[in-house]
Number of protein chains: 2
Amino acid sequence: MSDPVDAAPRHGLSLEEQLCFSLYSASRLVTAAYRPILEELGLTYPQYVTMLVLWERAPVSMKALGEALGLDYGTVTPLVKRLETAGLVQRRRRTDDERAVDVTLTEPGHRLRERSLTVPDRIGAAMGLEDEDFASLKRGLDLLAVNVEDHLR
Amino acid sequence: MSDPVDAAPRHGLSLEEQLCFSLYSASRLVTAAYRPILEELGLTYPQYVTMLVLWERAPVSMKALGEALGLDYGTVTPLVKRLETAGLVQRRRRTDDERAVDVTLTEPGHRLRERSLTVPDRIGAAMGLEDEDFASLKRGLDLLAVNVEDHLR
DNA sequence: TACAGGTAAATTGTGCACAAGGGACTTGCG
DNA sequence: CGCAAGTCCCTTGTGCACAATTTACCTGTA
């Protein structure tokens with residue numbers, strides 16, 4: 001039969017069988033499910049997760065914000081500037097290290113948190129997963145993330 | 001104790017506990033893992049999945065292509081035009097219905113398939129999942145996609 | 001035949017996402 | 001101290017992703 005060296009690939013080129021495509025599609029669908037809900041708050045999905053970080057740990061430097069979100073400055077800088085234009089955050093150069101910029105919440109930024117408390121449950125309803133499937137899916141995704149991050153050095 | 005009506009939300013606002021963020025991060029990480037591999041082929045990830053559809057079913061109308069990928073014309077039109085500029089596909093208005101545009105593969109487009117055969121296994125190595133975890137994760141994502149799609153009508 | 005309603009694509013505008021390059025600041029080392 | 005190396009951030013350019021609008025075409029119906 002076939003030599004292991006030139007055996008058929010374990011995975012084929014069919015779109016349907018690719019995990020990556022399920023991931024790519026599901027991610028965009030979930031973002032789409034967030035869109036009408038976050039529109040009530042005047043946020044996009046990346047802006048929402050940025051606010052999540054700030055509600056937990058503000059003030060946060062641009063660097064720490066990018067690391068928490070896994071995004072680089074080229075993405076975070078304009079994103080935070082839009083949040084600042086919307087009046088939710090303020091950017092302030094740190095005095096003890098003038099390279100660093102701290103992002104802080106304004107009063108409207110703090111108040112928006114209360115209006116966001118129902119968002120996770122509303123999204124949970126849209127996803128419609130049992131607690132067990134939910135947890136297992138999250139574990140799988142986090143394991144995948146760790147593996148891929150390792151692989152990218 | 002607390003009335004069920006104003007009970008605490010099942011899900012909180014903490015970034016770490018959100019499935020959506022694991023999904024969003026994992027999706028971007030996997031795309032990042034594809035980037036150096038697809039660069040050898042001169043493709044981006046969305047261009048690659050587009051080629052997957054074409055390798056399976058070309059010629060395909062723009063509408064069918066968008067439906068297969070879950071993308072609208074505003075994304076697919078420029079994407080396919082870039083593939084055309086790269087010489088991999090051709091766009092041809094259908095003669096029996098001049099509203100429709102068929103996308104066909106050129107000779108270089110067909111040949112690129114051979115060079116892509118190892119891509120799925122290389123990505124599989126980067127993801128580093130056992131067959132069982134791989135399948136379970138894909139099932140979870142596909143279930144999630146179905147649920148969210150239903151929820152979006 | 002005329003035309004109303006529907007369909008297929010393209011265009012425009014906004015907002016990510018990331019690579020590459022550059023500027024201001026700080027730190028370590030002779 | 002002086003300065004090379006490193007850090008933090010911003011800018012520019014390319015390519016998605018999607019909403020909203022527009023254009024061209026087709027089809028059913030009177």
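In what follows, every chain begins at residue 1, and chains take the letters A, B, ... in the order their sequences are listed.
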Once you round it to whole Å, what is the distance between [atom2] of [N] and [atom1] of [X]?
X	N	atom1	atom2	answer
Leu29(B)	dA17(C)	CG	P	12 Å
Leu152(B)	dC18(D)	CG	C1'	13 Å
Asp72(B)	dT21(D)	CG	P	15 Å
Glu39(B)	dT14(D)	CD	C1'	13 Å
Leu43(B)	dG15(D)	CG	C1'	13 Å
Leu69(B)	dC16(D)	CG	P	12 Å
Leu71(B)	dA8(C)	CG	C1'	16 Å
Gln47(B)	dT14(D)	CD	P	14 Å

Shortest non-hydrogen pair, Ser136(A) vs Ser136(B), comes out as OG-OG, 4.3 Å
Over 12 non-hydrogen atoms of neighbours within 6.0 angstrom of CD in Glu107(B)
yes
Just say parallel, tilted or perpendicular for the rings of Tyr24(A) and Tyr45(B), cut-offs at 30° and 60°. perpendicular
Below 30° counts as parallel, above 60° as perpendicular, anything between as tilted: where do the rings of Trp55(A) and Tyr48(A) land?
perpendicular
Report yes or no: does [X] contribute a side-chain atom to a donor-acceptor pair with the main-chain N or O of [Y] at less than 3.5 Å?
X	Y	value
Asp150(B)	Arg153(B)	no
Asn147(B)	Met127(A)	yes
Ser22(A)	Leu141(B)	no
Thr85(A)	Lys81(A)	yes

Under a 4.0 Å heavy-atom criterion, the protein footprint on nucleotides 1-13 of chain D, written with B, S and -, is -----BBSBBB--
In this structure, CG of Leu112(A) is separated from CG of Leu105(A) (nearest 0.5 Å) by 9.5 Å
Taking for Tyr45(A) and for Glu98(A) the nucleotide of DNA chain C with the nearest heavy atom, the one nearer the 5' end belongs to Tyr45(A)
### Task
Considering just the side-chain nitrogens and oxygens of Arg35(B), establish if one lies under 4.0 Å of OP1 or OP2 belonging to dA17(C).
no
Quiz item: Taking OP1 and OP2 of dA17(C), is either one under 4.0 Å from a side-chain nitrogen or oxygen of Tyr24(B)?
Solution: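 Answer is yes, contact under 4.0 Å.
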(request) Indicate, with a heavy-atom threshold strictly under 4.0 Å, whether Thr44(B) touches base, sugar-phosphate, or nothing. (result) sugar-phosphate
Side-chain contact check for Arg28(B): nearest option of dC16(D), dC18(C), dC16(C) is dC18(C)
Pairing string of DNA chain C (Watson-Crick or G-U wobble, both atom distances under 3.5 Å; | = paired to other strand) is ||||||||||||||||||||||||||||||
